[in-house]
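As a basis for the values below, the full set of heavy atoms in this structure was taken, side chains included, without hydrogen atoms, waters or symmetry mates. Proteins come first, then strands; the chains are lettered A, B, ... in the order of their sequence lines, and each starts at number 1.
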Number of protein chains: 2
Amino acid sequence: MLTAADRVGQGDAGGGNAVADDAGFSARQNEVIEVALRLLVEGGDKALTTSALARAANCSKESLYKWFGDRDGLLAAIVTHQASRVRIIDTAALPKTREQFGAALRLFAEDLLTVLLSDTSLALNRMCVAAVRGEAPGVGAVLLERGKRRIEERARRLLEAGKAGGYVRFEDARAAYRTLYGLIIGDLHINALLGDQAAVSSLSIGGHAREAVAQFLTLYAPAGAGPKIQS
Amino acid sequence: MLTAADRVGQGDAGGGNAVADDAGFSARQNEVIEVALRLLVEGGDKALTTSALARAANCSKESLYKWFGDRDGLLAAIVTHQASRVRIIDTAALPKTREQFGAALRLFAEDLLTVLLSDTSLALNRMCVAAVRGEAPGVGAVLLERGKRRIEERARRLLEAGKAGGYVRFEDARAAYRTLYGLIIGDLHINALLGDQAAVSSLSIGGHAREAVAQFLTLYAPAGAGPKIQS
DNA sequence: ACCGTACCGTACCGTTCGGTACGGTTTTTA
DNA sequence: TAAAAACCGTACCGAACGGTACGGTACGGT
């Protein structure tokens, strides 16, 4: 028996000639997935019914079940699709100077804020959070693995580069990343997830990112450097 | 017409003699609410159906609807009830020394971690997050107002006391609180909400709280003090 | 011209849920 | 003690959802 996660990316297995994208879905399937994502953003988890999706995307429910297996498979497909869209700007050019390192951190902070507070990400996170049932992994694991983990990897590489260059000092990379994440996000994400729009609307992404990175550099400054005051 | 939020606390309006607690619910109603909370923790949002609750709590569905109006009213009642349970240890004795201030911050950090990562809080937050529908405030607003806001108030008073005592320095109390929250929680909360149990299980509450508070004190140390190295 | 495949639109089925109604029983009140 | 209110257990209803089945259509291959 295939689980929903296993089924992801196995659509169009009948031998058609459609080309699959990176995530393994045909063009038509991606169209449907994007309509599903739109429904999800507009009306939340409850609005994304198979009937509503078939109507909005001009496809048949039978096709939905052939492509995605069941509703959970559809949800997993949406998460996978969106995770492949959020291209991680893998700064192949690792920072060579302290200024480049700070700039790379600020860029990461701005990207993280922009993505996490976007309507799309919020709707997706709400869906995955709601799908967690006790011990079952569910769709939330897919989002964790294909979304957050990859973002964390990017930051970890950046932090290691900063450590190698002597710009920051830390022992536990996991703890350092958690601190960086906390300084950038704070309680913004959970407030936004709970529907508090005021917290998000009155926020300067650039300014907040700069402040958070300055705080991080202060905390993880090498022993020799004096305390850096945030600009 | 009453909204779900308006109805909260108006149970037992028929003239019974039952005594209402702080949140406005009778003893019997609190029994039912706690059973509902247990169902929610065990099986998630989907498991908390009116029929299941009536069966588990040995009450009739008719009583449920008389007490709470509709399902949303029941959910709001659960949130209100739990928020009133999490008594904020209002440290009436504000810190008089730097050590007391640090200890109070550490206690706050431990309380915050313990509460936010508890099964009950996670289930409640999952429910409220899932209940957010676009522009409608929903139950999430109740949790924000009666839960998070009050915790934030406690921390804000603590921070102001620290500022008055000269232990910390900041301009924007909101920003300072967000930093403190971020240092304490990091990405632990969202990971736990998404079902990642590994991130939570391998965590020493006390140690992490101490570290986060040390970082906060480093960042917000008054200008005169030298950089404090975390113990 | 014929076939296989993929697909659409619609209808349909079994289940479940929120919400209501009713008879019988317990508890409160006078 | 008797009326009245609250309550329980069960049954019931309409609606909506996940999932399936079927007839009809477009299209590329042979």
Side-chain angles (χ1 to χ4, degrees), chain A residues 1-2 4 7 10-20 25-33 35-36 39-40 43-78 127 130-131 133 138-139, chain B residues 1-2 4 7 10-20 25-33 35-36 39-40 43-78 127 130-131 133 138-139:
Chain A
M1 162 111 188
L2 291 175
R7 253 191 310 262
Q10 293 199 348
D12 193 55
N17 65 345
V19 276
F25 300 112
S26 71
R28 177 66 179 131
Q29 292 170 10
N30 278 324
E31 279 183 36
V32 173
I33 289 175
V35 174
L39 287 181
L40 195 68
D45 195 6
K46 186 133 181 143
L48 182 58
T49 68
T50 53
S51 301
L53 175 57
R55 199 179 322 117
N58 286 329
C59 73
S60 68
K61 290 174 68 175
E62 198 172 19
S63 297
L64 291 182
Y65 285 99
K66 175 185 292 187
W67 293 334
F68 308 112
D70 56 7
R71 189 173 185 273
D72 285 341
L74 172 65
L75 302 186
I78 297 173
M127 182 190 78
R133 301 251 181 284
V139 196
Chain B
M1 164 124 187
L2 291 175
R7 254 190 310 262
Q10 292 199 350
D12 195 54
N17 67 343
V19 275
F25 300 112
S26 71
R28 177 70 178 125
Q29 290 170 11
N30 279 326
E31 279 182 35
V32 174
I33 289 176
V35 175
L39 288 180
L40 195 68
D45 195 5
K46 183 128 183 148
L48 182 58
T49 68
T50 54
S51 301
L53 176 57
R55 199 179 324 118
N58 287 329
C59 73
S60 68
K61 289 174 67 173
E62 199 170 19
S63 299
L64 289 182
Y65 285 98
K66 175 185 291 187
W67 293 335
F68 307 113
D70 55 7
R71 189 172 185 273
D72 285 343
L74 170 66
L75 302 186
I78 297 173
M127 182 190 77
R133 300 252 181 283
V139 197

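- Every stem involving DNA chain D, taken as at least 3 paired positions in a row under the Watson-Crick or G-U wobble test at 3.5 Å, is listed here: C:1-30 with D:1-30.
- Sequence neighbours left out, not one pair with a member in residues 53-62 of chain B passes salt bridge (charged side-chain N to carboxylate O under 4.0 Å, His left out).
- The side-chain hydrogen bond (donor to acceptor under 3.5 Å, both in side chains) search around B:Thr50 returns none, not counting sequence neighbours.
- When the P atom of D:dG9 is taken as reference, atom NZ of B:Lys66 falls 15 Å away, rounded to whole Å.
- Applying the salt bridge (charged side-chain N to carboxylate O under 4.0 Å, His left out) rule to A:Arg71 yields the partners A:Asp45; only residues at least two apart in sequence or on another chain are considered.
- Under the side chain to side chain contact (heavy atoms under 4.5 Å, CB included) criterion, A:Ala131 pairs with A:Val139, sequence neighbours left out.
- Looking at every heavy atom in both residues, A:Ala54 comes nearest to A:Ser60 through CB-C, 4.2 Å.
- The side chain of B:Trp67 contributes an N or O atom lying less than 4.0 Å from OP1 or OP2 of D:dC7.
- Rounded to a whole Å, the CG atom of A:Leu64 is 8 Å from the P atom of C:dC8.
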Distances under 3.5 Å only, N/O to N/O: pair up the protein atoms with those of nucleotides 17-20 of chain D.
residue	atom	partner	partner atom	Å
D:dG18	OP1	A:Arg71	NE	2.8
D:dG18	OP2	A:Thr50	N	3.1
D:dG18	OP2	A:Thr50	OG1	3.3
D:dG19	OP2	A:Tyr65	OH	3.3
D:dG19	OP2	A:Arg71	N	3.0
D:dG19	N7	A:Lys61	NZ	2.8
D:dG19	O6	A:Lys61	NZ	2.5

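- Taking both residues in full, the closest heavy atoms of A:Ala47 and A:Ala52 are given as O-CB, 3.8 Å, listed atom of the first, atom of the second, then distance.
- In this structure, the CZ atom of B:Arg55 is 12 Å from the P atom of C:dG18, given to the nearest Å.
- Rounding to whole angstrom units, CG of residue A:Asn58 and C1' of C:dT10 are separated by 14 Å.
- Contact check, B:Ser63 against D:dC8: a side-chain N or O comes under 4.0 Å of OP1 or OP2.
- Between the CD atom of B:Glu31 and the C1' atom of D:dC8 there is a distance of 14 Å, given to the nearest Å.
- For the OP1/OP2 pair of C:dT27 and a distance below 4.0 Å, the side-chain nitrogens and oxygens of B:Arg28 include no atom meeting the criterion.
- A:Ala36 meets the side chain to side chain contact (heavy atoms under 4.5 Å, CB included) test with A:Leu48, A:Leu53, A:Ile78; sequence neighbours excluded.
- A:Thr49 is linked by a side-chain hydrogen bond (donor to acceptor under 3.5 Å, both in side chains) to nothing, counting only residues two or more places apart in sequence or in another chain.
- Every salt bridge (charged side-chain N to carboxylate O under 4.0 Å, His left out) that A:Arg28 has, sequence neighbours left out, goes to A:Glu31.
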